[in-house]
Amino acid sequence: MALKVTTTNRVPAFLAMAVMNATRELEATGVDVIHLEVGQPSTPPPVAVNAALTTALGEVATHGYSLAFGEMTLRRRIAGHYADYYGAAADPAKIAITPGSSLGFALAFLAAFDHGDRIAVTTPGYPAYRNLMLAMGLTPVQMPARAAEGWMPSLEALEASGEPLPDGMLIASPANPTGVVMSDDEVKAVCEWCHRKGVRLIMDEIYHGLTFEGTPTTALLHSDSVIIVNSFSKYFCMTGWRVGWAIFPDELVETVERLAQNLYIGPPKPMQAGAIAAFDDYGALNLHVDRYRENRDILMRGLPEDFLGETAPCNGAFYLYADIGALETSPDSIALAEAMLREAGVACTPGVDFDQEQGHRHMRLSFAGSTAHMKEASRRISDWLPKYLKSR
Ligand SMILES: Cc1ncc(COP(=O)(O)O)c(C=O)c1O
């Protein structure tokens with residue numbers, strides 16, 4: 001049957017995943033590749049998490065459906081995390097456990113917005129936001145974050161644009177792909193602005209815990225209308241477990257519950273049993289953060305200056321957003337990423353995935369891997385780049 005062209009089947013691909021597939025194909029032919037393309041920890045979750053899952057698998061109670069918002073034991077444990085980690089009060093009744101934060105976004109978009117609504121998103125930014133919005137008939141509005149403005153989205157520029165204010169705003173801190181972290185004052189200012197202007201704010205806090213300086217903060221401290229989205233995928237090293245959570249304001253809780261029931265019934269039960277143990281050992285998790293910091297420093301010191309260019313500060317997450325603009329007169333991050341993969345055996349993600357206009361002059365490098373891999377990647381890129389530039 002001929003394919004009916006719908007909004008949904010025109011949804012763009014997530015390029016980072018396409019790079020991952022190309023890399024796997026190359027590896028299958030025996031080529032040794034260093035993976036700087038994937039945004040996932042290279043280490044497993046704390047042992048207590050695996051042990052809790054193993055125990056749960058033997059229990060009949062973990063085999064049935066979970067409630068739409070997930071297990072109350074885990075929701076209470078998450079509320080405890082907000083109290084311990086940030087000194088913030090989170091009501092377990094408003095916390096929804098989701099199959100990854102990805103479904104948290106889907107719930108937030110469906111519950112808070114209507115077809116055609118405009119949502120401001122930071123550019124460069126995580127591509128799935130924009131792609132999912134387009135698939136749902138929402139309109140992403142770009143809020144450029146550029147080196148000249150310290151990589152922060154400008155509310156003043158949004159107000160001065162002459163366009164009507166957006167219905168919603170989605171910001172991630174620490175950010176993907178730049179690693180930029182907002183201060184508590186900056187988070188507070190965005191919360192207050194959105195509240196004042198009637199703009200529904202969604203804060204993506206999925207990279208929380210992965211910060212290299214400063215005191216942790218959450219938008220929950222500054223707003224009772226914000227939607228917080230978070231996950232066990234990054235700091236807690238549980239990417240493939242597909243467990244996340246979102247905290248909804250009072251007025252959206254009932255709608256979200258009905259949506260969750262109809263979208264996926266409830267989040268996976270055994271994974272929640274494992275996730276409860278994730279908060280028991282911050283010490284083990286923070287050792288990974290120390291390694292990420294060291295990895296970042298190795299890349300910043302070891303990579304050629306003209307490859308790094310005007311890199312964003314990367315004080316958090318595990319990404320370095322290199323500005324390759326100085327390398328060529330017409331930089332092309334897709335061509336450079338392809339050549340680097342085939343000729344140097346280093347995979348990374350072209351910036352066009354995160355910014356369709358300016359991303360051709362950027363490359364995202366993930367430093368979530370081992371320290372040995374960061375050293376080897378920087379050696380390979382430094383050896384290869386001059387040869388590549390000479391051959392052009
Ligand atoms: C900024 C950001 N938000 C959300 C996600 C989705 O994560 P998950 O669905 O694994 O929780 C990612 C994944 O890389 C991300 O980078």
Side-chain angles (χ1 to χ4, degrees), residues 64-115 117 119-120 129 132-133 136-138 166-172 187-188 190-206 208 217-233 242-269 271-273 275-276 278-279:
Y65 285 126
S66 193
L67 292 172
F69 262 33
E71 297 302 295
M72 195 37 112
T73 41
L74 179 56
R75 291 154 67 189
R76 286 206 190 96
R77 194 72 188 85
I78 291 172
H81 170 68
Y82 277 84
D84 299 342
Y85 202 79
Y86 308 101
D91 179 355
K94 299 192 215 167
I95 300 176
I97 311 298
T98 54
S101 71
S102 302
L103 261 290
F105 290 111
L107 290 174
F109 294 166
L110 288 168
F113 304 111
D114 218 347
H115 203 266
D117 276 359
I119 303 162
Y129 302 148
L132 191 58
M133 283 177 201
M136 288 183 172
L138 302 170
D167 303 283
M169 181 175 293
L170 170 47
I171 296 186
V187 172
K188 187 167 180 232
V190 170
C191 287
E192 288 176 354
W193 186 90
C194 284
H195 200 78
R196 221 174 30 249
K197 305 281 178 186
V199 173
R200 176 71 71 185
L201 176 63
I202 304 174
M203 277 303 286
D204 181 350
E205 301 192 343
I206 181 174
H208 271 209
T217 186
T218 167
L220 199 63
L221 287 166
H222 302 300
S223 171
D224 54 13
S225 59
V226 66
I227 300 172
I228 306 274
V229 180
N230 207 324
S231 173
F232 289 92
S233 288
R242 310 312 300 132
V243 202
W245 72 87
I247 308 179
F248 291 95
D250 278 332
E251 63 276 16
L252 291 177
V253 168
E254 236 185 87
T255 312
V256 172
E257 196 163 7
R258 275 184 269 127
L259 283 166
Q261 286 162 352
N262 287 290
L263 270 175
Y264 52 81
I265 302 183
K269 222 172 180 183
M271 299 310 178
Q272 295 179 71
I276 291 179
F279 302 101

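What you see is a predicted model; the values in this text were computed from it and never measured. Values below: every heavy atom of this structure, side chains too, minus hydrogens, waters and symmetry copies.
To the nearest 0.5 Å, atom OG of residue Ser101 and atom CG of residue Leu107 are 11.0 Å apart. Between atom CZ of residue Phe113 and atom CG of residue Leu138 there is a gap of 7.5 Å, rounded to the nearest 0.5 Å. For the atom pair CZ (Phe232) and CD1 (Ile97), the distance works out to 6.0 Å, reported to the nearest 0.5 Å. The line from CE of Met203 to CD1 of Ile171 is 6.0 Å long, rounded to the nearest 0.5 Å. The CG atom of Leu201 sits 10.0 Å away from the CH2 atom of Trp193 when rounded to the nearest 0.5 Å.
Listed by chain and number, the residues in a side-chain contact (heavy atoms from CB on, under 4.5 Å) with Thr217 are Asp184, Val187, Leu221, His222 (sequence neighbours excluded). Residues passing the salt bridge (charged side-chain N to carboxylate O under 4.0 Å, His left out) test with Asp250, sequence neighbours excluded: Lys94. The side-chain contact (heavy atoms from CB on, under 4.5 Å) search around Ile276 returns Thr73, Leu74, Arg77, not counting sequence neighbours. Residues passing the side-chain contact (heavy atoms from CB on, under 4.5 Å) test with Ala90, sequence neighbours excluded: Ala79, Tyr82, Ile95, Leu220, Ile247. Annotation: side-chain hydrogen bond (donor to acceptor under 3.5 Å, both in side chains) contacts of Glu257 (sequence neighbours excluded): none.
Taking the side chain as every heavy atom from C-beta outward, Ser102 and Arg242 approach each other to under 4.5 Å. Between Leu110 and Leu263 there is a side-chain heavy-atom pair separated by less than 4.5 Å. Looking at Met271 and Pro99, their side chains never come closer than 4.5 Å, going by heavy atoms from C-beta outward. Val229 is not listed as a side-chain neighbour of Ile206, based on a closest heavy-atom distance of 4.5 Å or more. Two residues are said to be in side-chain contact when any heavy atoms from C-beta on lie closer than 4.5 Å; Tyr129 and Ile119 fail this criterion. Looking at heavy atoms from C-beta onward, Phe248 lies out of side-chain contact with Thr255 at the 4.5 angstrom threshold. Thr218 is not listed as a side-chain neighbour of Tyr85, based on a closest heavy-atom distance of 4.5 Å or more. The shortest distance between side-chain heavy atoms of Leu170 and Phe109 falls below 4.5 Å.
Pairing each heavy atom of Ser66 with each of Pro267, the nearest pair is CB-O, 3.3 Å. Counting all heavy atoms, side chain and backbone alike, Ile227 lies closest to Ala112 at CD1-CB, 4.2 Å. Between Cys194 and Met169, the closest heavy-atom pair is SG-SD, 3.9 Å. In this structure, Trp245 and Thr98 approach most closely via the heavy-atom pair N-OG1, 3.5 Å. Among all heavy-atom pairs drawn from Glu71 and Lys269, the shortest one is OE2-CE, 3.5 Å. Shown here for Pro92 and Met72, the closest heavy-atom pair between the two residues is CB-SD, 3.9 Å.
In Glu254, the CD atom is not crowded: 12 or fewer heavy atoms of neighbouring residues, nucleotides or ligands sit closer than 6.0 Å.
Ring planes of Tyr86 and His208: tilted class, angle from 30 to 60°. Aromatic ring pairs are classed by plane angle as parallel below 30°, tilted from 30° to 60° and perpendicular above 60°; the pair Phe279 and His81 is tilted.
A donor-acceptor contact closer than 3.5 angstrom links the side chains of Ser225 and His195.
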Between Glu192 and Lys188, does the salt bridge (Lys or Arg N to Asp or Glu O under 4.0 Å) criterion hold? Intermediate values first, please. CA-CA 6 Å; Glu192 288 176 354; Lys188 187 167 180 232; 3.8 Å; yes

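Residue pairs meeting the salt bridge (charged side-chain N to carboxylate O under 4.0 Å, His left out) criterion with at least one partner in residues 83-92, sequence neighbours excluded, are absent.
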